[in-house]
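Structure record follows, encoded as structure tokens.
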Amino acid sequence: MGLMSKILGETGSSRNTEDYVELQANEYDTASAEAERQIRIARISDKQDVIDIKDAVYDGDVVIADITRHSTQDRTMEHISDELKQVANEVGGDIVQKDDDQLIITPSDVVISRERLGQ
């Protein structure tokens, strides 16, 4: 099976979990990397989690927050979204909700495209 066949699939073939490689973040040396910004991953379980996200954005980091524990219609989620919109506005950054499971918040000088790649 050729590379493109593996990527795109062949008629009648099925993909198995053996076709994919799981990457472990702890396998990569990040200590030597000097960067102005980081992409931080967060999970929003309650209002308390917003504090760390706000601090990271104020420090200039991009945050991708998992919001699967909340419904987008949830009153708590509305309050959290409003707080994070205010932070993005204060720092001159950007904020978008990706589907129903993630918020992406950026600091100044980082804009999130509203167009998906490959479309």
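Numbering of residues begins at 1 and proceeds along the displayed sequence.
Hydrophobic clustering of Ile, Leu, Val, Met, Phe, Trp and Tyr side chains at less than 4.5 Å, counting indirect connections, unites Ile53 with Ile80. Connection of Val91 to Leu103 is established within a shared hydrophobic cluster, with ILVMFWY side chains joined at heavy-atom distances below 4.5 Å, either directly or through further cluster members. The same ILVMFWY cluster, assembled from side-chain heavy atoms under 4.5 Å apart, contains both Ile105 and Tyr58. Val57 and Ile95 fall within the same hydrophobic cluster, where Ile, Leu, Val, Met, Phe, Trp and Tyr residues are linked whenever their side-chain heavy atoms come under 4.5 Å apart, directly or through other members.
For the atom pair OG (Ser81) and CD1 (Ile44), the distance works out to 7.5 Å, reported to the nearest 0.5 Å. The distance from atom CG of Leu84 to atom CD of Gln97, rounded to the nearest 0.5 Å, is 11.0 Å. Between the CG atom of Asp100 and the OG1 atom of Thr68 there is a distance of 10.5 Å, given to the nearest 0.5 Å. Taking CD1 of Ile39 as the reference point, atom CD1 of Ile104 lies at 9.5 Å (rounded to 0.5 Å). Of the inter-residue distances, the one linking Lys47 atom NZ with Met77 atom CE reads 11.5 Å to the nearest 0.5 angstrom. Going from atom CD of Glu83 over to atom CD of Glu78 covers 13.0 Å, rounded to the nearest 0.5 Å.
Contact check for Ile112 versus Arg114: side-chain heavy atoms found under the 4.5 Å cut-off.
Counting all heavy atoms, side chain and backbone alike, Pro107 lies closest to Gly60 at CG-O, 3.2 Å.
With hydrogens and angles disregarded, no donor-acceptor distance shorter than 3.5 Å links the side chain of Asp52 to the backbone of Asp49. A donor-acceptor pair is defined here as one N or O able to donate and one able to accept, closer than 3.5 Å; no such pair exists between the side chain of Asn89 and the backbone of Lys85. Panel note: side chain Thr106, backbone Val62; no donor-acceptor pair is recorded below 3.5 Å. The backbone N or O of Asp101 lies less than 3.5 Å from no partner atom in the side chain of Asp99, so there is not a single donor-acceptor pair.
Shown here is Arg37, whose CZ atom has more than 12 heavy atoms of other residues, nucleotides or ligands within 6.0 Å.
A salt bridge links Arg40 with Asp61: at least one charged nitrogen is closer than 4.0 Å to a carboxylate oxygen.
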